[in-house]
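Notes follow the structure.
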Amino acid sequence: MAEKPLSSPPSPSAAPGSPLGRAERFVWLTARVLEQRRFAYHFLRGGADPVEAALTAYLDEDGGYGHALEPDLRGPVSQPLHTAHALRVLDSIGRCGGLRVERICRYLTAVSTHEGALPAIHPSQRAYPSAPFVPVVDDPPGELLSTGPVVGTLHRNQVWHAWLFRATEFCWTAVESLEKSHPYEVQAAVAFLDSAPDRPRAEAAADRLGRLVREQRLAVLDPDRPEEFPVADGYAPGEHHYPHDYARVPDSLARGWFTDEELSRSLDFLAAEQSEDGGWPLRWRAWAPGSALEWRPIVTIEALRTLRAYGRPLDC
């Protein structure tokens, strides 16, 4: 008798001319194995086992992840940003728990700063290429940008580890003391607040953060007039952010920052961004051909997931 397969194969392809069908062709043409497996899992009824197997290729012996999992950091060494990316993938397939996450938490403890937070870039990256907008320094500070998404993902999956206590307090202090920010830091704050265990405190902090986003014009509220919204210092020309970039799912606390009309225009803009080749473009600075090629399937999968979360049709 033939052995039962470990995971079901993907279902038949989407309608060729639909947004999903065009994206599928783009993914098969350009994506790494990991993104091919992720696309199959999210949109073609593929299994979680192949996603986890592909992700394991990026795992290092120290429990962190490397090997350009986050495409703007090249080389084999583990980095907090790679490991945050791995946790998001595991979370998306319902595998964020068990011994694998225990090992990840040991790695996070080892690379944390004295206050229990994660640096954006560990100095071990110095020996390998990385994007010019992620500079490597010898004694990097802990940052909300790298710590918030990790802490949020672990709390959402009810992971309890000694490292989380200090890291959570760091995130609360960082979020509640923000006076001037930029879009990626705000996204990191939202990732933390959406899953922080103290819900009343999270809702109060999100309300304050939403007012800051609107006052500092960090979200383009009218896609027809992006020139009215400044690009943050150090960002590439045209590197704007829109309501859907903050409220990626309808139950995010950031959803309350925007009116129905503002969010609808934002989602219309996101849907219209799909390129002729079927993928979504990068809005940030492309510094190397390989990293840009690897990023676009990731961005494409996330765009499709956001559109689907809001009920936008993908397969027609």
Side-chain angles (χ1 to χ4, degrees), residues 70-73 80-89 91-92 117-121 131 133-134 142-156 167-168 170-172 174-196 202-203 205-221 226 229-236 238-258 262-263 266-267 269-270 273 280 282-285 295 298-303 305-307 309-310:
E70 206 274 13
D72 283 330
L73 303 177
L81 291 179
H82 292 317
T83 305
H85 191 119
L87 284 170
R88 286 193 295 273
V89 171
D91 177 44
S92 73
L118 296 172
I121 309 294
F133 44 82
V134 284
E143 294 193 22
L144 178 62
L145 185 71
S146 46
T147 311
V150 169
V151 173
T153 300
L154 294 176
H155 279 309
R156 183 164 55 256
T168 300
F170 171 86
C171 290
W172 279 125
V175 170
E176 292 174 337
S177 62
L178 282 177
E179 296 296 337
K180 182 172 175 56
S181 190
H182 59 92
Y184 294 120
E185 186 174 52
V186 173
Q187 287 176 321
V190 171
F192 167 67
L193 293 172
D194 276 348
S195 299
E203 290 166 7
D207 184 64
R208 175 183 172 276
L209 187 60
R211 292 196 299 272
L212 182 150
V213 165
R214 296 186 75 94
E215 289 165 3
Q216 298 182 10
R217 294 187 294 160
L218 300 182
V220 175
L221 302 180
F229 299 86
V231 173
D233 292 343
Y235 283 33
E239 192 174 351
H240 291 106
H241 287 70
Y242 298 80
H244 68 263
D245 290 312
Y246 301 108
R248 293 190 176 274
V249 292
D251 60 355
S252 171
L253 290 173
R255 172 63 186 88
W257 301 350
F258 309 107
E262 288 166 347
L263 185 64
S266 179
L267 293 169
F269 173 81
L270 177 62
E273 266 198 310
W280 266 257
L282 303 185
R283 292 198 216 114
W284 63 89
R285 186 176 292 109
W295 263 122
I298 298 171
V299 170
T300 295
I301 290 169
E302 296 310 317
R305 292 183 69 200
T306 296
L307 290 168
Y310 282 98

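- Of the possible polar contacts, none joining the S252 side chain to the V249 backbone as a donor-acceptor pair under 3.5 Å is found.
- Atoms CG and NZ, from D233 and K180 in turn, are 6.5 Å apart once rounded to the nearest 0.5 Å.
- Looking at L218 and H182, their side chains never come closer than 4.5 Å, going by heavy atoms from C-beta outward.
- Between F170 and E143, the shortest heavy-atom contact is CE2-C, 3.7 Å.
- The heavy-atom pair separating L118 from V150 by the smallest distance is CD1-CG2, 3.9 Å.
- Here the straight-line distance linking atom CG of L212 with atom CG of D207 works out to 11.5 Å at 0.5 Å rounding.
- Here the CD-CD1 distance, from E70 to I121, works out to 7.5 Å after rounding to the nearest 0.5 Å.
- In summary, R283 and D245 engage in a salt bridge, as defined by a charged side-chain N under 4.0 Å from a carboxylate O.
- The minimum heavy-atom distance between E179 and R208, with the atom names listed, is OE2-NH2, 3.3 Å.
- Separating the CZ atom in R305 from the CZ atom in R248 is a distance of 9.5 Å, to the nearest 0.5 Å.
- Of the possible polar contacts, one joining the S266 side chain to the H244 backbone as a donor-acceptor pair under 3.5 Å is found.
- Across C171, S181, S177, a single residue satisfies side chain to side chain contact (heavy atoms under 4.5 Å, CB included) together with L144, and that is C171.
- The shortest non-hydrogen separation linking L73 to H82 is O-CE1, 3.3 Å.
- Taking the ring centroids of H241 and F229, they lie at or beyond the 6.0 Å cut-off.
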**OP:** Would you sort out whether R214 and E262 count as a salt bridge (charged side-chain N to carboxylate O under 4.0 Å, His left out), showing the intermediate values?
**Re:** CA-CA 12 Å; R214 296 186 75 94; E262 288 166 347; 2.9 Å; yes

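- Contact annotation: the side chain of L81 approaches that of S146 to within less than 4.5 Å [non-hydrogen atoms, C-beta and beyond].
- Considering only heavy atoms from C-beta on, D72 comes within 4.5 Å of W284 through its side chain.
- A 4.5 Å side-chain heavy-atom check between T306 and L267 finds at least one atom pair inside the cut-off.
- Put simply, the side chain of F269 does not reach to within 4.5 Å of the side chain of V220, judged on heavy atoms.
- Across all their heavy atoms, L193 and L253 have their closest contact at O-CD1, 3.6 Å.
- Using a 4.5 Å cut-off on side-chain heavy atoms (C-beta onward), Y310 and L270 make no contact.
- Atom OG of S195 and atom NE2 of H155 lie 8.5 Å apart (nearest 0.5 Å).
- Using a distance-only test at 3.5 Å, with no hydrogens or angles considered, a donor-acceptor pair links the side chain of W257 to the main chain of A206.
- Under a 3.5 Å cut-off, the side chain of Y246 and the backbone N or O of R255 do not form any donor-acceptor pair.
- Ring geometry for W172 against F192 counts as perpendicular: the plane angle is over 60°, on a 0 to 90° scale with 30° as the lower cut.
- The shortest non-hydrogen separation linking A254 to A247 is C-CB, 3.8 Å.
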